[in-house]
Each structure stands twice: as structure tokens, then as C-alpha cells.
Amino acid sequence: MSLVATRFAPSPTGPLHIGGIRTALFNWLFSKNNKGKFYLRIEDTDKERSKDKYKDQIIESLKWIGIDHDDKEFIQSENINNHKEIAEKLLKNGFAYKCYCSEDEIKEQKENAKKKGIPFVYNRKWRNPEGLEVPKDIKPVTRFKSKISGDNSIEDLVQGKINISNSTLEDFIIQRKDLTPTYQLSAVVDDHEMNITHVIRGDDHKINTFKQKQIYEALNWKLPYFAHIPLIHSESGSKLSKRDNASTIDDYIKMGIMSDALRNYLLRLGWSYKDKEIFTLNESIELFNLKGVGKSPSKLDITRILSLNEHYIKNIDEEKLLKLLKTYSSNFKKEIDDNKNKQIIKSIKFLKNKAKTLEDIYQNAQYILKDDIEISSEYLKLLDDSSKAILKDFTLDFEKIIQINKENLEIIIKKLIEKNKTNFKGVGQPLRIALTGSKFGPGIYDIILSLDKNEVLKRLKKIN
RNA sequence: GGUCCCAUCGUCUAACGGUUAGGACAGGUGGUUUUCAAUCACCUAAUCGGGGUUCGAUUCCCCGUGGGACCGCCA
């Protein structure tokens with residue numbers, strides 16, 4: 001058994017959002033840093049909302065960002081018999097009891113509490129069933145016999161010591177009326193069976209910890225370490241939810257964000273190491289620790305993601321960038337034909353300098369990717385007679401060039417500028433429009449040099 | 001409402017109780033430039049408020065204020 005084991009335990013009730021990805025990342029990083037294990041557990045005990053397609057999507061998302069789990073993923077519902085057995089054991093040993101309250105009764109208690117402005121805590125009616133008659137028409141739930149008095153505390157690896165008064169904890173349900181176990185029970189049983197040593201999760205689970213701790217104690221099981229990391233907030237300032245826009249991994253992939261960039265962004269969101277901003281995967285494994293995790297929630301900042309992405313686009317190996325671009329294009333745009341590879345590699349040096357996303361590269365490479373350049377009427381208007389004359393002159397000179405390079409092109413263009421008493425723009429803009437169909441894009445020399453000579457001539461002649 | 005947690009530039013964050021409170025992103029100004037960019041130089045910008053403790057608080061304590069999480073037969 002290894003010293004450290006962590007797990008990521010999402011419920012497959014929707015696509016993973018990046019808060020979840022970050023939790024997974026921190027767990028993964030922590031276990032890698034400690035040369036331990038990292039497991040994935042699919043918490044699918046809510047049968048109505050759990051979907052296989054989400055399970056697959058979650059696994060895909062993790063894989064995309066570079067997180068791999070040890071062993072096969074653990075499916076919580078497959079362990080349901082064990083959960084039930086433990087519930088029985090708790091019942092038998094007096095740590096839990098059957099509660100025959102009807103749903104209406106509970107509802108009434110809740111409304112009363114609301115009216116009085118006091119917090120709702122189930123009134124523990126069936127904790128002591130003496131003198132109560134068991135109703136025949138009600139299937140009972142199983143409740144855990146929570147401590148009523150005293151204080152309780154946990155030593156959290158991120159939050160420090162957290163105290164709570166036991167009186168605020170209710171006798172929570174561990175088994176539904178259909179006898180299926182609830183989260184509080186299943187999570188504890190599975191964490192125990194999987195020998196999880198460190199539970200790293202969002203701090204929305206903080207209160208659960210006190211409930212779960214009591215289950216551990218009742219069973220005489222060793223309590224794992226807990227680390228509750230602060231949540232990621234949306235721009236609006238509240239907990240990131242599945243309903244927020246652009247918060248799933250797929251949304252970022254679609255935007256043309258690369259996994260390294262997102263990984264780096266998520267790493268630095270809530271965690272820091274001195275002044276360091278850029279971390280390779282290996283660096284992040286070596287340097288990650290729980291001490292560096294802050295306590296306050298952080299806001300999602302898309303410009304930061306973009307700027308990190310820009311950094312990675314500029315620094316990644318060009319062959320790899322081409323591969324990513326092609327994957328991106330075939331997934332979300334138009335497939336890039338292999339016969340364009342050589343040309344793109346040649347151009348990627350300057351294309352990547354003006355891109356924040358893969359989509360930007362794709363857009364700026366349109367003049368290469370499209371065999372037929374279309375010029376919108378708006379731009380066509382810019383090509384007046386004098387511009388056309390310049391293009392014609394350029395064509396004549398260009399045809400004569402034997403060795404096409406920047407120096408030779410400069411000579412021609414300089415000559416044209418002088419002859420027409422204009423500036424570089426006077427020559428550059430018509431050329432750009434003729435060759436790319438756009439006013440924006442890479443430098444003129446870059447464009448010409450990256451196109452085949454015949455292709456340049458073809459495009460120029462089409463204008464005149 | 002109850003319980004718990006949090007609080008440094010707009011954002012992400014540094015700072016053994018002693019720093020001109022640092023960095024990054026964004027923003028601004030200027031240089032370079034054929035468009036858009038990129039790039040280079042420089043600049044703006046923060047310790048939530050009030051009390052303590054201390055020779056000295058961003059840092060420790062208390063109160064307030066603000067924000068968040070939880071309060072499901074969801075996980």
C-alpha cells in the first residue's frame with residue numbers, strides 16, 4: 001500500500017466544470033508529489049440523474065488536461081451492497097436508527113422552523129422510539145445518531161482548525177426509504193475501502209466532514225486527512241455551477257484553449273509558489289503542496305486564461321502546435337488537408353505571434369487553407385483603378401523574380417512606392433486584399449513567401 | 001435566519017511582526033512597425049473599518065462591515 005492515496009469523486013450528473021477539474025488537478029498533483037495513488041470514483045448513486053454519457057465526458061475531460069487515474073475507475077453504485085451492510089452494522093450497534101416520519105411530517109417541521117426563524121434540525125423523534133407506534137404504511141429511512149452535545153473539530157490541511165458545535169448537526173439520513181445509501185455513507189465507506197489517505201475537495205463539503213467524521217468514529221475507522229479548498233467563483237461572485245456559461249472544459253476546448261494553458265491557469269488559481277507563474281507539468285508535480293493553497297475563493301478570469309494560452313502557443317514546439325491546430329480544426333472547423341502541412345509549418349512562426357487561441361491561428365491561416373480567395377464587396381471597393389494598376393505592375397515584376405526572398409520583394413515594392421508616389425500601405429493593402437481577401441493578417445512578405453509563386457500569380461491575375 | 005469560512009492593486013497572488021507592500025494579467029503612455037498584432041521602455045493601481053497586543057502590525061487578538069459556503073431521502 002502506498003503512503004498517499006487521493007481520489008476525485010464527481011457525480012456523473014452533468015459535464016465537469018473547471019472547478020471540478022481544478023479539484024481533480026489538486027488531488028492528482030498532491031498524490032504525484034507524494035509518489036502516491038490517485039483514483040477516480042464515479043459517484044452515481046443518484047440513479048435518476050446519473051448518465052453514462054457524463055461519466056464518459058468526465059473521463060475524457062480529465063484525460064484532455066493530462067490527468068490519469070490509477071486502476072480502473074471506481075463505480076460507486078457497484079459497491080452498494082457494502083454500503084448497505086455497513087448501514088446494517090451501524091443500526092445493529094446502535095449508531096443509527098429507523099425513522100418513520102412521513103415526508104409531510106418533516107415538511108411541517110421545516111416550515112415551523114422557518115416560521116420561528118430557527119434552523120431546521122430534524123427533531124430526532126424516532127431516536128428513542130419508546131412508546132411510539134410504528135406506522136405500517138411508511139417505509140422508514142435510516143438516520144445516523146449524531147452527537148447532540150459538545151464541540152467537534154477537524155484539523156484541515158488548508159483551512160486549519162475548524163470548530164463546530166454538535167448541536168447544529170442533525171441526525172442525517174444514511175439510507176433512503178428504498179434502502180439505497182446516501183452520499184454521506186457511501187463516500188465514507190468507499191474512501192475507507194479505497195484506503196484514501198487525503199480527501200481534497202471543495203470547501204462546500206466542510207460541514208459534511210463533521211457528519212462523516214462521526215461515521216468513521218462509529219466504525220472505528222481511521223480518519224483520513226481533509227483539505228478543503230476554496231471554491232472558484234464566477235465573474236458574478238458566486239459558486240461556479242453547471243449552469244454558468246463557458247465553465248465546462250468543452251467550452252474552453254472549443255475556444256481553442258490548450259490543455260497546458262488551462263492546467264497552468266487552474267494550478268495558479270488558489271495556489272501559488274513564490275512569484276512563479278509558468279509551470280511545466282513536471283514542475284507543478286514537484287512544487288505542489290497544500291501549504292500553498294489559499295483560503296479565500298478566487299474569481300474566474302478569462303483574460304488570464306487567454307494570456308496563458310498565448311504564452312503556450314508562442315512557446316510550444318511547432319510540430320506539436322500544428323497537430324493541435326489540426327485536431328482543433330477537424331473537431332470544430334473544417335478539416336485541414338495533409339497537403340497543407342508543409343505550408344502551415346512554414347507559416348506557423350508568424351501566425352502564432354498574433355494568436356491567443358487555436359481559433360485565431362485558424363482564422364489567420366485562412367489564406368493558406370482556402371484555395372479560392374473570396375473578396376467581399378467592401379474590400380473589393382478598396383481596390384480602385386490605381387490600386388489595380390499597382391497590382392499589375394507588381395505582377396509583372398514578380399513574375400520575373402527567379403529567387404523569391406524578402407530582399408527581392410523589397411526591391412520591387414520600393415520601386416512601386418516611388419513610382420506611384422505613395423507609401424508602403426499604398427502598395428501593401430491592395431496586395432493583402434488580393435492575396436488574402438482581408439485587410440488584416442500576417443505581414444505582406446510573410447504572406448507572399450508562404451505561398452507558392454504560381455499561387456501568388458493566380459490570385460493577382462484574378463483581380464485584373 | 002442559524003452554523004462555518006474568508007478579506008492585500010480591477011483580477012490571480014507574494015511579503016520569519018521590521019520591505020519605498022513585490023510579481024503576473026488587464027489598463028495607460030511612448031518607441032519600433034505595412035494592417036491587426038507582437039515586441040521594448042515606462043506609468044497608474046491594494047493591505048475593508050474600528051479597537052487592542054507590541055518599540056513596531058498586511059501579518060497576532062476582539063468587534064463591526066462586506067463576501068461566500070452549508071442548512072436535500074443531491075453529491
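So that the names make sense, note that chain A is the first sequence line, chain B the second, and so on, each numbered from 1.
Between the side chains of A:T209 and A:H228, at least one donor N or O lies within less than 3.5 Å of an accepting N or O. Side-chain contact, A:N79 with A:E193: a donor N or O sits under 3.5 Å from an acceptor N or O. Checking A:Q175 against A:T180 by side-chain atom types alone, no donor-acceptor pair falls below 3.5 Å. There is no side-chain donor-acceptor pair under 3.5 Å between A:T357 and A:Y328.
Residue A:S165 is classed as having no contact, given no heavy-atom separation below 4.0 Å to the nucleic acid. Residue contacts for A:F210: at a heavy-atom cut-off of 4.0 Å it reaches no nucleic acid atom on any strand shown. Counting any heavy atom pair closer than 4.0 Å across all strands shown, A:E103 reaches a base atom. At the heavy-atom level, A:I162 lies under 4.0 Å from the strands shown only through sugar-phosphate atoms. Using a 4.0 Å heavy-atom cutoff across all strands shown, A:P230 reaches no nucleic acid atom at all. Within 4.0 Å of A:Q429, counting heavy atoms only, lies no atom of the nucleic acid at all. Among the heavy atoms of the strands lying under 4.0 Å from A:G441 is at least one base atom, whether or not backbone atoms are also near. Contacts of A:H228 with the nucleic acid, taken as non-hydrogen atoms under 4.0 Å apart, are absent.
The side chain of A:R49 sits closest to B:rC74 out of B:rC74, B:rA24, B:rA75. Listed nucleotides: B:rC70, B:rC25, B:rG23. Nearest to the side chain of A:S307: B:rC25. When each of B:rA24, B:rA14, B:rU35 is scored by its nearest atom to the side-chain atoms of A:R304, the top-ranked nucleotide is B:rA24. The listed nucleotides are B:rU11, B:rA14, B:rC12; the one nearest the side chain of A:S272 is B:rA14. Nearest nucleotide to the A:Y445 side chain, out of B:rA75, B:rU34, B:rA24: B:rU34. Side-chain proximity of A:E170 to the nucleotides B:rC70, B:rG72, B:rU11 is greatest for B:rG72. Side chain of A:I444, nearest nucleotide from B:rA69, B:rU34, B:rC36: B:rU34. Proximity note for A:K356 (side chain, C-beta onward) versus B:rU34, B:rA24, B:rA38: the nearest is B:rA38. Checking B:rC73, B:rG23, B:rU35 against every side-chain atom of A:K177, the shortest atom distance belongs to B:rC73. In the set B:rC6, B:rA75, B:rG23, the nucleotide with an atom closest to the side chain of A:Y183 is B:rA75.
A sub-4.0 Å separation between OP1 or OP2 of B:rC74 and a side-chain N or O of A:R176 is present. The phosphate of B:rU3 (OP1 or OP2) has no side-chain N or O of A:K206 nearer than 4.0 angstrom. Residue A:K425 places no side-chain N or O under 4.0 Å from the OP1 or OP2 atom of B:rU33. Close to B:rC73, at under 4.0 Å from its OP1 or OP2, lies no side-chain N or O of A:T182. Contact annotation: A:T168 does not reach the phosphate of B:rC4 (side-chain N/O to OP1 or OP2, under 4.0 Å).
With A:Y183 as the fixed residue, the side chain to side chain donor-acceptor pair (under 3.5 Å) test singles out one of A:H205, A:E43, A:Q76: A:H205.
The aromatic rings of A:F424 and A:Y445 sit perpendicular to each other, their planes meeting at more than 60°, with 30° as the lower class boundary. In this pair, A:H198 and A:Y225 present their aromatic rings parallel. The plane angle is below 30°, not in the 30 to 60° band.
Atom name C1', nucleotides B:rG23 and B:rU8: the rounded distance is 13 Å, in whole Å. Atom C1' of B:rG22 sits at a distance of 27 Å from the matching atom of B:rG31, rounded to the whole Å. One P atom belongs to B:rU13, the other to B:rC71, and the distance between them is 25 Å to the nearest Å. Taking the C1' atoms as reference points, B:rG17 lies 9 Å from B:rU54, given to the whole Å. When the C1' atom is compared between B:rG10 and B:rA26, the two are found 8 Å apart, to the nearest whole Å. As rounded to the nearest Å, B:rA45 and B:rG51 have P atoms that lie 26 Å from one another. B:rA24 and B:rG64 have their C1' atoms separated by 34 Å, with the value rounded to a whole Å. A gap of 47 Å separates the C1' atoms of B:rC60 and B:rU39, to the nearest Å.
Base pairing annotation: B:rA75 forms no Watson-Crick or G-U wobble pair, as no partner gives both donor-acceptor distances under 3.5 Å. Nucleotide B:rU8 has no partner under the Watson-Crick or G-U criteria, as no pair reaches both atom distances under 3.5 Å. Of all nucleotides present, only B:rG2 satisfies the Watson-Crick or G-U wobble test against B:rC70, with each distance under 3.5 Å. Within the shown strands, nothing qualifies as a pairing partner of B:rC16 under the Watson-Crick or G-U definition with both distances less than 3.5 Å. Both distances falling under 3.5 Å, in either a Watson-Crick or a G-U wobble arrangement, occur for no nucleotide opposite B:rA45.
For A:K299 and B:rC25, the NZ to C1' distance is 15 Å, given to the nearest whole Å. Across the protein-nucleic acid pair, A:F424 atom CZ and B:rC36 atom P stand 14 Å apart, rounded to whole Å. What separates CD of A:E410 from P of B:rU33 is a distance of 13 Å, to the nearest Å. When rounded to the nearest whole Å, the span between CG of A:L266 and C1' of B:rC12 equals 12 Å. Regarding A:Y273, its OH atom lies at a distance of 15 Å from the C1' atom of B:rA15, rounded to whole Å. Regarding A:H311, its NE2 atom lies at a distance of 13 Å from the P atom of B:rA26, rounded to whole Å. Rounded to whole angstrom, the span from the CG atom of A:D275 across to the P atom of B:rU8 amounts to 17 Å. Rounded to whole Å, atom C1' of B:rU13 lies 14 Å from atom CG of A:L308.
Side chain A:N208 to base B:rA75: a donor-acceptor pair is found below 3.5 Å. Between the side chain of A:K295 and the base of B:rC5, no donor-acceptor pair under 3.5 Å is found. No donor-acceptor contact under 3.5 Å links the side chain of A:R268 to the base of B:rU13.
Residues A:Q175 and A:I207 both approach RNA chain B. Their nearest nucleotides, taken by heavy-atom distance, put A:I207 toward the 5′ side. Nearest-nucleotide positions on RNA chain B for A:K314 and A:K439 put A:K439 closer to the 5' end.
A distance-only check finds no donor-acceptor pair linking the side chain of A:R22 to the backbone of A:L25 [under 3.5 Å]. A:T23 places a side-chain N or O within donor-acceptor distance of the main-chain N or O of A:G19, the cut-off being under 3.5 Å.
When all heavy atoms of A:R124 and A:Y97 are compared, the closest pair comes out as CA-OH, 3.8 Å.
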